[in-house]
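Worksheet for the structure shown next.
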Amino acid sequence: MNRFRNGYCLIVSFWATCMFAGCTGTSSPEPYYASNSRLTDPDKLVLVDCMLPGQVRQLGTASVYVTPRRAARIPAGECEIRLGEYVAYDRANYQSALNVWLPQAKQGDAKAQVYVGEIYERGLGIAPDYAQAAQWYQQAARQDYSPALANLGYLYENGLGVPKDPARALNLYRRASGLKDDLVYASQMQVAVETANREIDMLNTQLNQETATGEQLRRELEQSRQQLDDRETRLDEIRLELKAYQAEFQELLARPQPSASEQEKIQQLEQEIEQRQAALDKTRSEVAALQDLASKRKREFERQVRSAERQQARVEAELAQQVKE
């Protein structure tokens with residue numbers, strides 16, 4: 001047994017010397033696929049789950065260590081040349097392939113997670129487990145790994161291990177191909193458009209009501225201003241009449257001895273002055289009331305105009321959003 005071990009170590013040392021120092025002089029090692037004799041064996045070209053040996057690394061001058069073994073999917077012949085380990089006569093064995101990729105999948109490697117998902121999906125050696133496959137694909141899909149997105153889309157398209165959802169499958173396919181925007185069914189878009197149209201119709205109805213109310217307030221405001229102008233004109237007329245009566249009255253009173261007709265005229269002027277003064281006071285009150293009413297209607301009209309403008313902005317925003325969608 002010791003001789004066997006010593007012989008094996010000698011062979012490995014000789015191989016390492018040949019690989020790093022060059023057993024064939026200055027020529028580089030022959031590539032695996034360059035040998036026609038090796039290509040005659042198709043089994044050497046089959047992809048296998050290969051566990052490559054760890055790398056021998058030098059840490060400074062005092063320490064040498066070997067890294068953990070690495071999983072790779074490479075041809076069987078290349079795995080042999082690189083001293084890798086694979087199942088030679090049972091390559092479809094579920095447990096052997098799973099043992100290779102599961103540790104890296106648990107560590108978050110997206111490629112390993114896809115390989116584990118494919119093992120469950122294809123059922124290598126056992127019945128397929130689509131639910132387990134979907135879980136591993138989903139973990140890799142969260143990293144935007146395209147093969148995982150495509151495989152997960154296939155499961156959603158056919159309802160394997162997940163609820164059948166063609167729309168989600170299509171969106172996963174789009175993400176796998178690099179398209180970021182999701183698609184929706186035409187029926188869903190039609191419902192959204194109809195809903196938006198109803199909202200726009202409602203907003204337009206409210207806008208029409210706001211506009212009609214504003215128009216009514218505008219007419220009332222114009223009516224109040226017209227009435228105010230009429231009253232102010234009448235007020236000026238009464239003031240002029242009162243001023244004329246007062247001037248004539250003062251002229252008659254200034255005479256030293258007014259005649260009987262002048263005395264009668266003075267009495268008539270007193271009555272006219274009283275009437276004009278009463279009319280003046282009444283018209284002043286009417287003008288003040290009309291001014292208050294006009295101011296109130298002006299404020300209501302301006303408030304209604306602002307409300308209509310806000311409603312118009314909402315309608316335009318809703319229309320722009322519908323066009324964008």
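All figures in this text were calculated on a predicted structure; none of them were measured in a lab. For the single chain, residues carry numbers from 1 onward in sequence order.
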(request) Test side chain to side chain donor-acceptor pair (under 3.5 Å) on Tyr173 and Glu157 and set out the steps. (result) CA-CA 10 Å; Tyr173 289 145; Glu157 180 182 3; 2.6 Å; yes
(request) Please determine, by modelled atom types, if Glu210 and Ser307 share a side-chain donor-acceptor pair under 3.5 angstrom. (result) yes
(message) Going by side chain to side chain donor-acceptor pair (under 3.5 Å), Glu121 matches just one of Trp136, Tyr137, Tyr130. Which one?
(response) Tyr137
(message) Is it true that, when you exclude Tyr154 itself, more than 12 heavy atoms of the residues, nucleotides or ligands shown sit nearer than 6.0 Å to its OH?
(response) no
(request) Look up atom CG in Leu269 and atom CD in Glu251, then write down how far apart they are to the nearest 0.5 Å. (result) 10.0 Å
(request) Give the minimum heavy-atom separation between Val287 and Leu228, together with the two atoms involved. (result) O-CD1, 3.5 Å
(message) Suppose we screen for side-chain hydrogen bond (donor to acceptor under 3.5 Å, both in side chains). Which residues come up paired with Gln268, at least two apart in sequence or across chains?
(response) none
(request) Check the pair Glu318, Leu203 against side chain to side chain contact (heavy atoms under 4.5 Å, CB included), reporting the backbone distance first and the verdict last. (result) CA-CA 9 Å; Glu318 186 65 27; Leu203 291 175; 4.0 Å; yes
(request) Would you please test Glu316 and Gln312 for side chain to side chain donor-acceptor pair (under 3.5 Å) and show each step? (result) CA-CA 6 Å; Glu316 293 176 355; Gln312 179 68 33; 3.2 Å; yes
(message) Taking side-chain hydrogen bond (donor to acceptor under 3.5 Å, both in side chains) as the definition, give me every residue that meets it alongside Ser261, ordered by chain and number, with sequence neighbours left out.
(response) Ser259
(message) Distance check, rounded to the nearest 0.5 Å: Leu160 atom CG versus Leu155 atom CG?
(response) 5.5 Å
(message) With heavy-atom distances below 4.5 Å as the criterion, would you say the side chains of Thr233 and Glu237 are in contact?
(response) yes
(message) If the condition is ring-ring contact (aromatic ring centres under 6.0 Å, His included), which residues does Tyr156 pass it with, not counting sequence neighbours?
(response) none
(request) Please report the C-alpha distance between Leu280 and Leu242 in whole Å, then the side-chain angles of each, then the deciding distance to 0.1 Å, and finally whether the side chain to side chain contact (heavy atoms under 4.5 Å, CB included) criterion is met. (result) CA-CA 9 Å; Leu280 181 63; Leu242 179 60; 3.9 Å; yes
(message) Side-chain heavy atoms nearer than 4.5 Å, only ILVMFWY residues, links allowed to pass through others: does that put Ile238 and Phe249 together?
(response) yes
(request) Report yes if some heavy atom in the side chain of Val64 is under 4.5 Å from a heavy atom in the side chain of Leu59; otherwise report no. (result) no
(message) Side chains of Gln209 and Thr205, heavy atoms from C-beta outward: is any pair under 4.5 Å?
(response) yes
(message) Just to verify, what does Arg69 make a salt bridge (charged side-chain N to carboxylate O under 4.0 Å, His left out) with, not counting sequence neighbours?
(response) Glu85
(message) For a side chain to side chain contact (heavy atoms under 4.5 Å, CB included) check, start with the C-alpha distance between Gln304 and Glu300, then their side-chain angles and the critical distance, and finish with the verdict.
(response) CA-CA 6 Å; Gln304 189 64 32; Glu300 292 178 353; over 6 Å; no
(request) Would you mind listing every salt bridge (charged side-chain N to carboxylate O under 4.0 Å, His left out) that reaches into residues 102-114, with sequence neighbours excluded? (result) none
(message) To the closest 0.5 Å, what do you measure between CD (Glu118) and CH2 (Trp101)?
(response) 10.5 Å
(message) With rounding to the nearest 0.5 angstrom, report the OG1 to CG distance, Thr283 to Asp236.
(response) 10.0 Å
(message) Checking the side chain of Ser224 only, and the main-chain atoms of Leu293 only, is there a donor and an acceptor separated by less than 3.5 Å?
(response) no
(message) Quick one, Gln267 and Gln263 - any side-chain contact, counting heavy atoms below 4.5 Å?
(response) no
(message) So, using side-chain contact (heavy atoms from CB on, under 4.5 Å) as the criterion, who are the partners of Glu220 when residues are at least two apart?
(response) Gln216, Leu217, Arg297
(request) Check whether any side-chain heavy atom of Leu52 sits under 4.5 Å from a side-chain heavy atom of Ile74, and report yes or no. (result) yes
(request) Keeping to residues at least two apart or across chains, list the disulfide (SG to SG under 2.5 Å) pairs with something in residues 46-75. (result) Cys50-Cys79
(request) Provide the full list of side chain to side chain donor-acceptor pair (under 3.5 Å) pairs with a residue in residues 270-280, sequence neighbours left out, each pair given once. (result) Glu241-Arg276, Glu272-Arg276, Gln277-Asp281
(request) State which residues pass side-chain hydrogen bond (donor to acceptor under 3.5 Å, both in side chains) with Arg239; sequence neighbours excluded, sorted by chain then number. (result) none
(message) Going by the rule side-chain hydrogen bond (donor to acceptor under 3.5 Å, both in side chains), which residues pair with Gln311 if we only count those two or more places apart in sequence or in a different chain?
(response) Gln206, Arg314
(request) Evaluate the side chain to side chain contact (heavy atoms under 4.5 Å, CB included) criterion for residues Arg57 and Val66: first the C-alpha distance (whole Å), next the side-chain angles of each, then the deciding distance (0.1 Å), finally the verdict. (result) CA-CA 6 Å; Arg57 296 191 179 184; Val66 181; over 6 Å; no
(message) Quick check: closest heavy atoms across Ala140 and Ala148, and the distance to 0.1 Å?
(response) CB-CB, 3.4 Å
(request) If a pair satisfies salt bridge (charged side-chain N to carboxylate O under 4.0 Å, His left out) and one of its residues is in residues 222-233, list it, with sequence neighbours excluded. (result) Arg218-Glu222, Arg231-Glu286
(request) Could you tell me whether the side chain of Gln143 and the main chain of Gly108 form a donor-acceptor pair under 3.5 Å? (result) yes
(message) Could you check whether any side-chain N or O of Arg70 sits under 3.5 Å from a backbone N or O of Pro53, counting only pairs where one atom can act as donor and the other as acceptor?
(response) yes
(message) Among residues at least two apart in sequence or on other chains, which ones pass salt bridge (charged side-chain N to carboxylate O under 4.0 Å, His left out) with Arg299?
(response) none
(message) Which heavy atom of Ala176 sits nearest to which heavy atom of Ala150, and what is that distance?
(response) CB-N, 3.9 Å
(request) For residues Lys164 and Asn158, determine if any side-chain heavy atom of one lies less than 4.5 Å from a side-chain heavy atom of the other. (result) no
